[in-house]
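Written below as structure tokens is the structure these notes are about.
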Amino acid sequence: MEKLERSLIEPIGEVNLHSSKWDPGLGVKKVQLLLESFFIKKGFLLLIVGFLLGRALILAKLTPFCLPFFASVYLIRRDRAPLALIGLIAGAATLSLANAASTFAISILFLVIYRVSRKWLTNEMRALPLFVGIILGIGKLAESFILSKQLTLYDAMMVGVQASLAFILTLIFLQSIPLLTLNKRRQLLKTEEIVCLIIMLASIMTGTIGWKLYDLSIEHIMSRYLVLVFSFIAGATIGSTVGVVTGLIFSLASVSSFYHMSLLAFSGVLGGLLKEGKKIGVSIGLFISTLLIGMYGEGGGSITQTVLETSAAVLLFLLTPQSMTSRLAKYIPGTPEYTAEQQKYMRKMRDVTAQRVSQFSSLFHTLSKSFSQSEVIPNEEYDQREMDYFMSNVTEKTCQTCFKKEQCWAKNFAGTYSYMEEIIHEMDQNDGNVSLRLSKEWEKICSRPKRVYETIGQELTFFQANQKLKKQVHESRKLVADQLLGVSEVMDNFAKEIQRERENHYKQEEQIMEALQGFGIHIEQVEIYSLEPGNVDIEMSVPFCNGHGECEKLIAPMLSDILAETIIVNKEECATYPNEFCYVTFRSSKAFTVETGVAHAAKDGGLVSGDSYSTIELGFGKYAIAISDGMGNGERAHYESKETLQLLQKILQSGIDEKVAIKSINSILSLRTTDEIFSTLDLAMIDLKNAAAKFLKIGSTPSFIKRGNKIIKIQASNLPIGILQEFEVDVVSEQLKAGDLLIMMSDGVFEGPKHVENYDLWMKRKLHELETEDPQEIADLIMEEVIRSRAGVIADDMTVTVAKIKHNTPKWASIPVYKKRKHA
């Protein structure tokens with residue numbers, strides 16, 4: 001019964017109601033994996049290659065392939081060297097037993113000499129080709145002497161040719177054998193490796209010379225198949241190279257095959273040119289070249305047999321799976337697969353970099369949160385705990401040894417505690433003094449009142465210093481939290497910029513080239529990096545313009561019409577000679593520009609001013625104007641104000657928010673020195689896209705905006721930088737308009753006029769009286785008026801900056817590219 005209940009309670013499991021279907025794609029993949037495991041991982045491919053190279057001949061007599069192949073396999077894959085040797089000996093045995101014995105003997109001689117001399121070799125890879133050439137030469141000389149009992153000049157020359165070939169073939173096999181032994185190769189092929197691979201494949205195919213199938217030559221079918229594959233993958237250049245190299249190797253193996261070199265080379269060119277027609281196009285190219293070359297005749301055979309061999313190669317090519325050609329194409333430069341593989345790698349690296357930057361951003365954000373968290377204890381509980389600690393320190397030094405301790409703290413605890421708490425508060429608020437009433441009442445119940453007063457005074461000093469230190473630590477923690485948060489935001493934005501992949505604008509590039517060329521302007525190349533509104537970035541190569549300014553006068557206005565926004569020439573590199581090209585960068589034009597003028601003077605006409613100013617064009621479409629006034633005059637004040645502006649520029653250019661930037665500068669300057677050296681900062685940030693302005697005034701004088709006959713005063717109340725470690729920055733926002741004049745000044749200018757009670761009214765009146773709108777003239781006039789009011793005496797360092805906001809109007813208007821057709 002229990003078993004029955006258990007079987008009813010336990011779940012039976014999932015039941016698959018769908019009938020199982022065999023997936024053909026999965027089956028093909030399994031077969032492919034089995035074949036790769038058998039031939040590549042277990043090394044049986046080397047056995048087959050060794051067999052074909054063992055029977056390969058050059059000039060129907062020389063066999064220089066065996067020892068280079070065995071030596072290369074021995075160095076690269078020593079565990080697979082026995083398989084390669086078995087294949088070589090078996091292949092040589094198909095030619096003659098003497099050839100097989102010679103191959104075996106020379107291989108053993110190589111092993112003995114190489115193992116003995118290995119201890120003296122510093123670089124085995126470099127020494128191997130030389131070793132192979134010398135050992136093969138010695139072996140062939142010994143073989144010739146044993147067989148003919150004499151050495152002729154012809155024999156010596158042939159031995160020299162074989163040794164030289166062995167040296168070259170060893171270099172080739174060292175490059176190409178890794179391609180046959182490594183299952184998953186991630187590196188991309190170099191041009192030398194491709195050529196070495198082609199030579200090796202052609203050498204392997206020479207081992208099939210003499211093989212026939214229904215009177216069709218196997219080497220002709222395989223060589224044409226090889227040309228078809230590479231023409232289809234890499235185009236005419238690689239296809240013709242494969243044809244020439246393969247034909248040359250075959251002609252060296254058999255002089256009768258010399259005719260096939262021209263056939264294979266022509267096939268590679270035609271097949272590569274017709275690769276846009278996929279496999280059918282490449283196959284048609286081979287058929288055309290076969291018929292054209294076949295008409296001239298060849299040594300032996302007929303055109304019918306040649307066409308049949310071509311048909312067999314085409315059939316084999318059509319049966320080749322797409323996965324195999326695509327996989328091979330990934331390693332050959334110039335192919336779309338190669339480009340996609342490179343982009344995939346770059347995309348992966350970009351994502352990894354963005355992820356690391358994002359992780360750092362998250363780390364800084366977490367650190368910022370941990371620094372900004374304050375203690376969770378409520379204020380009342382915290383104050384009570386502090387009072388208890390304070391009271392215990394006082395009673396330990398006074399009441400602990402008093403004879404009235406039991407009466408005061410055991411029998412009358414509440415009264416004693418309240419009296420002492422009141423004394424502590426009064427001494428804290430009245431600079432250590434206690435009221436007459438409280439002192440009389442305390443002396444009635446305490447036997448050591450003076451000692452209690454002295455101890456409380458001492459402890460108050462320590463307590464106040466401790467509280468000040470805690471406050472400074474708390475303010476520093478908050479400042480660090482703000483700075484870490486600012487860095488976190490910058491890094492997060494940077495990670496997003498990295499992940500923003502560049503779009504391909506092939507279609508837009510063609511449209512721009514077509515439109516400009518249709519207008520009669522020749523464009524060599526167009527590269528579009530961004531078409532984002534307000535952030536257009538286009539590069540062009542145009543022919544030599546002879547300094548006529550075609551880019552600014554014609555191309556930029558036409559681009560403005562095409563992209564529906566104002567485009568200007570950002571950078572232009574003009575050609576020096578008529579046959580060269582000019583390189584031009586076009587960017588989006590900002591909606592507004594800022595024209596500035598500055599006037600400054602040092603106290604008493606000195607050379608070093610305590611004021612510093614800066615106009616910074618940031619890379620975020622913003623324009624910053626800043627004035628800093630160091631405390632006092634002279635070199636030290638100049639250093640402080642200059643240092644403030646340099647810090648401000650570096651921090652703003654990194655992308656950190658203005659508020660955090662100013663707080664960071666304040667903390668650096670306040671913690672850097674113990675001297676009372678302070679500086680003011682007057683900062684205006686103007687957005688060039690919409691002319692919105694932010695004013696941050698730290699201990700600075702008011703600024704003024706002149707809009708026609710209207711004067712707008714900008715002011716804020718903040719202490720100078722470096723006085724307090726923690727302060728809130730007041731930001732004043734104002735929407736500027738085209739034609740506005742922004743006047744900023746230091747206190748030497750604002751408070752400079754003599755016998756003036758209201759500086760605001762005086763400055764507004766002077767601004768109303770201005771009859772010019774040139775920023776530099778206005779700055780000079782204001783400076784002159786202030787100095788005149790003091791009878792030519794410069795009482796303080798003076799700096800005034802004037803900025804004029806203007807619409808950014810390009811010199812050349814947009815030119816319509818497409819004419820509007822009128823419909824009847």
Side-chain angles (χ1 to χ4, degrees), residues 596-615 624-646 648 662 665 669 675-684 695-706 711 713-723 741-770 775-803:
T596 57
V598 182
H600 60 96
K603 183 180 179 181
D604 297 328
L607 296 175
V608 180
S609 171
D611 293 351
S612 294
Y613 67 91
S614 180
T615 55
I625 305 169
I627 297 176
S628 180
D629 182 5
M631 190 186 79
N633 311 99
E635 193 171 336
R636 183 60 189 270
H638 173 74
Y639 174 77
E640 288 297 325
S641 61
K642 184 180 177 183
E643 190 77 5
T644 300
L645 289 187
Q646 284 181 345
L648 176 70
I662 290 177
I665 294 169
L669 295 180
D675 299 339
E676 291 188 349
I677 300 293
F678 316 121
S679 57
T680 67
L681 179 63
D682 193 357
L683 173 65
F695 296 91
L696 294 90
K697 293 184 167 292
I698 314 298
S700 60
T701 56
S703 299
F704 298 91
I705 298 171
K706 185 175 187 296
I711 306 295
K713 180 182 174 183
I714 306 293
Q715 66 178 358
S717 55
N718 289 312
L719 288 171
I721 283 181
I723 291 181
L741 290 167
L742 172 61
I743 300 96
M744 299 167 62
M745 62 198 75
S746 63
D747 58 349
V749 176
F750 184 72
E751 299 172 359
K754 197 174 182 181
H755 307 302
V756 173
E757 293 183 2
N758 193 325
Y759 298 115
D760 285 356
L761 288 176
W762 186 89
M763 187 60 67
K764 286 181 179 180
R765 189 177 77 249
K766 292 298 176 184
L767 293 176
H768 269 299
E769 292 172 358
L770 291 171
Q776 188 59 53
E777 291 180 5
I778 293 173
D780 293 336
L781 285 171
I782 292 173
M783 181 74 72
E784 185 180 352
E785 285 288 341
V786 174
I787 295 173
R788 281 179 181 277
S789 70
R790 285 191 169 268
V793 177
I794 303 174
D796 193 5
D797 298 323
M798 296 193 293
T799 301
V800 55
T801 65
V802 181

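Any value given below was found using the heavy atoms of this structure, including those in side chains, with hydrogens, waters and symmetry copies removed. We're numbering straight along the sequence, starting at 1.
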Backbone N/O of V608 and side chain of H638: donor-acceptor pair under 3.5 Å = no
message = Are the side chains of S614 and L645 in contact, using a 4.5 Å heavy-atom criterion?
response = yes
inquiry  = Assess the residue pair T596 and T801 against the criterion (side-chain contact (heavy atoms from CB on, under 4.5 Å)); give the C-alpha distance rounded to whole Å, side-chain angles, the decisive distance to 0.1 Å, and a yes or no.
reply    = CA-CA 7 Å; T596 57; T801 65; over 6 Å; no
task = Give a yes or no answer on whether the side chain of S641 reaches the backbone of G610 with a donor-acceptor pair at less than 3.5 Å.
result = yes
query = Could you give the distance from NZ (K603) to OG (S609), rounded to the nearest 0.5 Å?
reply = 11.5 Å
Heavy-atom pair with the smallest gap, counting every atom of D760 and P702 = OD1-CG, 4.4 Å
query = With a 4.5 Å limit on heavy-atom distance, are the side chains of I705 and I711 in contact?
reply = no
request  = Return the minimal non-hydrogen interatomic distance between A601 and M783, and the atom names on each side.
outcome  = N-CE, 4.1 Å
query = Do the side-chain N and O atoms of S703 and K697 include a donor-acceptor pair separated by under 3.5 angstrom?
reply = yes
key: Euclidean distance, S700 OG relative to I714 CD1, rounded to 0.5 Å   = 11.5 Å
request  = Among residues two or more places apart or on two chains, list those pairs meeting side chain to side chain donor-acceptor pair (under 3.5 Å) that have a residue in residues 785-795.
outcome  = K766-E785, E784-R788
note = OH of Y759 to OG1 of T701, rounded to nearest 0.5 Å, is 12.0 Å
Which atom pairs, one a donor and one an acceptor, fall under 3.5 Å between side chains of residues 742-757 and the rest of the protein, sequence neighbours left out?
from, atom 1, to, atom 2, distance (Å)
S746, OG, D611, OD2, 2.9
S746, OG, T799, N, 3.1

ask   = CG of L681 to OG of S628: how many Å apart, nearest 0.5 Å?
value = 5.5 Å
note = d(M763 CE, K713 NZ) to nearest 0.5 Å is 11.0 Å
request  = Give, for atom CG of D682 and atom CG of L696, the distance between the pair rounded to the nearest 0.5 Å.
outcome  = 9.0 Å
query = Of all residues at least two apart in sequence or in a different chain, which pass the side chain to side chain contact (heavy atoms under 4.5 Å, CB included) check with I778?
reply = L741, L770, T772, I782, V802
request  = Find out whether L683 and F695 are in side-chain contact, i.e. whether some heavy atom of one side chain is under 4.5 Å from a heavy atom of the other.
outcome  = no
